[in-house]
Number of protein chains: 2
Amino acid sequence: MSRRRVTLADVAKAAGVSRTAASLVLSGRSRELRLSQEVEQRVLRAAEELEYRPNIVSLGLRTGITRTIGFVSDTVATSRLAGDMIKGALEAARERGFMLFIGETEGDAELERLLVQAMHDRQVDGLVLASMFTRTIKVPESITAVPAVLLNALPERPTPLPAVLPDEVEAGRRAARVLLEAGHRDGIHLIGAGPDLRDPSESVAAVERLAGIREVLAAAGTRVAGAPSVPDWQPEYGHAATRELLATTRPRALICFNDRLALGAYQAFDDFGLKVPADVSVVSFDDHPIAGWMRPRLTTVALPHYELGRRAVEVLFTEIDREQPDPGRDGEVHRIPMPLRDRDSVAPPSGSPC
Amino acid sequence: MSRRRVTLADVAKAAGVSRTAASLVLSGRSRELRLSQEVEQRVLRAAEELEYRPNIVSLGLRTGITRTIGFVSDTVATSRLAGDMIKGALEAARERGFMLFIGETEGDAELERLLVQAMHDRQVDGLVLASMFTRTIKVPESITAVPAVLLNALPERPTPLPAVLPDEVEAGRRAARVLLEAGHRDGIHLIGAGPDLRDPSESVAAVERLAGIREVLAAAGTRVAGAPSVPDWQPEYGHAATRELLATTRPRALICFNDRLALGAYQAFDDFGLKVPADVSVVSFDDHPIAGWMRPRLTTVALPHYELGRRAVEVLFTEIDREQPDPGRDGEVHRIPMPLRDRDSVAPPSGSPC
DNA sequence: AACGTTCGCTAACCCGATTTAGCAATGGAA
DNA sequence: TTCCATTGCTAAATCGGGTTAGCGAACGTT
């Protein structure tokens, strides 16, 4: 709506030189091509006075580089934490002067194809294929045209694409250690480890967390006392499963596989007049915002969403920068540590074991 | 990394015609320019066989239209439902074949300037300036080059930009009506309406919600019984303010200005052994995910994030499509209805009034 | 004096599309 | 036959940059 953009031609004219000269100066190649200091100064001054900014669209056409990456995810909305993932990706991109296209597939393969296509049409320099739950995905064939990274996802079949994932096994170990260090040995129950999860997307995290938990408990000479199955990781199922548990036993500690389940568990303890952490300790995963709002505040092993997003973009940049394909790095998996948020829901066991 | 993209020139060669002819056919202008059916068919067949897709970067350079809009927000991550807002924007954009650049300013004006610049450099066709809380913002001068819409924000000083906002006043009325319809007249207290909010960004919503509440209560011949002030809309302040209230009186109904405050209020009622909704009804705003997880499930007036995002982009499209500036529509404000989520936290008053 | 170098700069082409202007062939009218 | 219209298509310019090849002048060498 205002005046026309300033182009390189304008700068060249103002400086009284050719477009070539202006281009060379502004891309820092004036030394190499031995332009005079005189010309260099004139061009720089003109560019500054006119507030010249190169048109990236034009640049993209000529060089094939658009300083743009595509972030394709299944869902940004349903998970609260997605925002942090995008934020991490955004900041890492910004540090290199890149912008992000965002696209949502809703898990629809056809939509995904169209989106990836639309991004190719805009000549993105790379793609992040993100999932909001850790899970295995089918990598669309159409992505081969450009470097890509899987975020929070593993390929169904082996691909040369690198992947960035939370270190769920270590998270499982960490959760178990929290209880061990508080002195717990017996009556440790699991909520959410059920083998028959309705939503297979949650099973990767479940399997890996469980592995870490088992490993650490075994090393300490103890084991999980029980694990009622839940169909889904929602508060109501956490509530139901915990009630079921309380009907027959008095657990000393609970490892909930996410914070929503823990919220349900809290409600069940409330029903039975049990106090956290005096009667029962609770440790969980994810660090959902509610974890800090619950009473007592929930000790949980955090999903590092911000860091995941950031690392995905950083790994993508190394792919973009790499001249030669390096078969040695094919399918490299980057595991991001899941930090413990040590709050108020764990205490030493008291009273007699059950 | 695979073969070169198919260009218009490839299609033209395959069809044995000039690039001009191919371009005309593919942009549907072959009739108008009277190309033969013969040529038309050949071009279409070639394009299909080669799976030709126009390069949007090139198109952007030539036509100035990139089918891209920039979504600049202060924060996508920290706030509640930003994801839904982006989702709405994304879908509305996709329906027109547009993609979205996402950018975060963190409320930093300089960063905002740089971002808007970076988007201009990529020739976005329009901009959405979003805020995650309803509030007034300083519109950067640099946006004048392209159509723009304010989302969830009002300009500090009058501008010709349209704005899309939740209808907070009507939301206030709606909350008040819920209580009136349940039979409440007395002992209606407010949490979060305090005049001394620490964070002014929340004040627009607060002021407007309060206006709606007052209006409806006044029309019913009653009024707010009290409104302890809170420094911030966080659970702990909701908890503290409600405890303070309970120290001196027994409210019959609470209107919390957001769901996090309501969560804190629930905890305070719990402390005092009061039951929601038997002893006290609670109605709130926002429809944060926890609203459905609380027990009893919280009745709340929802922020229509998805709809806000969608409408912002739709309004932006009408701006983009508009040939002439239309002074009549300058600064038009679109209010999006906030729907009531009628759940379980409101009941008729029982016992004697206080 | 003739010739090769170096210096300092620019003309011209390229990326992949759209669009304007115009050309060759045909048909019809004068 | 000549001239003008119409039909059917293409050459060439354009968008805003990057890049290659090469040009003229000054200088140094033999």
Side-chain angles (χ1 to χ4, degrees), chain A residues 3-44 46-47 50-68 120-125 145, chain B residues 3-43 46-47 50-68 97 120-125 145:
Chain A
R3 69 194 181 291
R4 202 179 50 84
R5 255 186 94 92
V6 173
T7 71
L8 185 64
D10 298 327
V11 173
K13 193 199 279 182
V17 299
S18 69
R19 268 168 40 230
T20 307
S23 171
L24 291 174
V25 168
L26 294 173
S27 52
R29 308 212 305 143
S30 57
R31 269 302 124 68
E32 178 189 341
L33 269 289
R34 7 161 246 262
L35 299 198
S36 64
Q37 300 246 352
E38 160 72 19
V39 161
E40 181 167 311
Q41 287 311 312
R42 285 217 308 272
V43 169
L44 290 176
L50 298 176
E51 299 183 53
Y52 169 71
R53 318 205 76 232
N55 180 328
I56 298 193
V57 174
S58 163
L59 250 159
L61 182 57
R62 178 65 232 253
T63 66
I65 294 165
T66 53
R67 279 187 249 162
T68 297
H120 279 157
D121 293 348
R122 285 167 175 81
Q123 302 212 148
V124 293
D125 300 322
Chain B
R3 70 194 180 292
R4 200 177 52 85
R5 255 187 96 93
V6 174
T7 72
L8 185 65
D10 299 327
V11 174
K13 192 198 280 183
V17 299
S18 68
R19 267 164 44 227
T20 307
S23 170
L24 291 174
V25 168
L26 294 174
S27 53
R29 308 210 305 143
S30 57
R31 270 303 124 66
E32 176 188 342
L33 269 289
R34 6 161 247 263
L35 299 197
S36 64
Q37 302 245 350
E38 160 73 17
V39 162
E40 180 168 314
Q41 286 310 311
R42 285 216 310 271
V43 169
L50 298 176
E51 300 183 53
Y52 169 70
R53 317 205 78 231
N55 180 327
I56 298 192
V57 174
S58 164
L59 246 158
L61 180 58
R62 180 63 234 251
T63 65
I65 294 166
T66 53
R67 279 188 247 162
T68 298
H120 278 157
D121 293 348
R122 286 168 175 79
Q123 301 214 148
V124 294
D125 300 322

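Throughout, protein chains are lettered first and strands after them, A, B, ... in sequence-line order, and every chain is numbered starting at 1. Side chains included, hydrogens not; waters and symmetry mates left out as well; all remaining heavy atoms used.
- Between the side chain of Arg34(B) and the base of dT7(D) there is no donor-acceptor pair of N/O atoms closer than 3.5 Å.
- Per the geometry, CD belonging to Gln37(A) stands 10 Å off P belonging to dG8(C), to the nearest Å.
- On a pure distance criterion of 3.5 Å, a polar donor-acceptor pair joins the side chain of Arg19(A) and the base of dG17(D).
- Ranked by how close their nearest DNA chain C nucleotide is to the 5' end, Arg62(B) and Leu33(B) are led by Arg62(B).
- If you measure from atom CG of Leu24(B) to atom P of dT18(C), you get 9 Å, rounded to the nearest angstrom.
- For the pair Glu32(B) CD and dT6(D) C1', the computed distance is 16 Å after rounding to whole Å.
- Contact between the side-chain N/O atoms of Ser23(A) and the OP1/OP2 oxygens of dG18(D) is found at a separation under 4.0 Å.
- Between the base of dT19(D) and the side chain of Thr20(A) there is a donor-acceptor pair shorter than 3.5 Å.
- The side chain of Arg29(A) has dT19(D) as its nearest neighbour among dT19(D), dG16(D), dT10(C).
- A straight line from CZ of Arg42(A) to P of dG8(C) spans 14 Å, rounded to a whole angstrom.
- Nearer to the 5' terminus of DNA chain D, by closest-nucleotide assignment, is the contact made by Ser18(B) (compared with the other of Ser58(B) and Ser18(B)).
- Nearest to the side-chain atoms of Asn55(A) among the listed nucleotides dG17(D), dT19(C), dC9(D) stands dG17(D).
- Between the CD1 atom of Ile65(A) and the P atom of dT19(D) there is a distance of 9 Å, rounded to whole Å.
- Look at Ser36(B) and you'll find a side-chain N or O under 4.0 angstrom from OP1 or OP2 of dC9(D).
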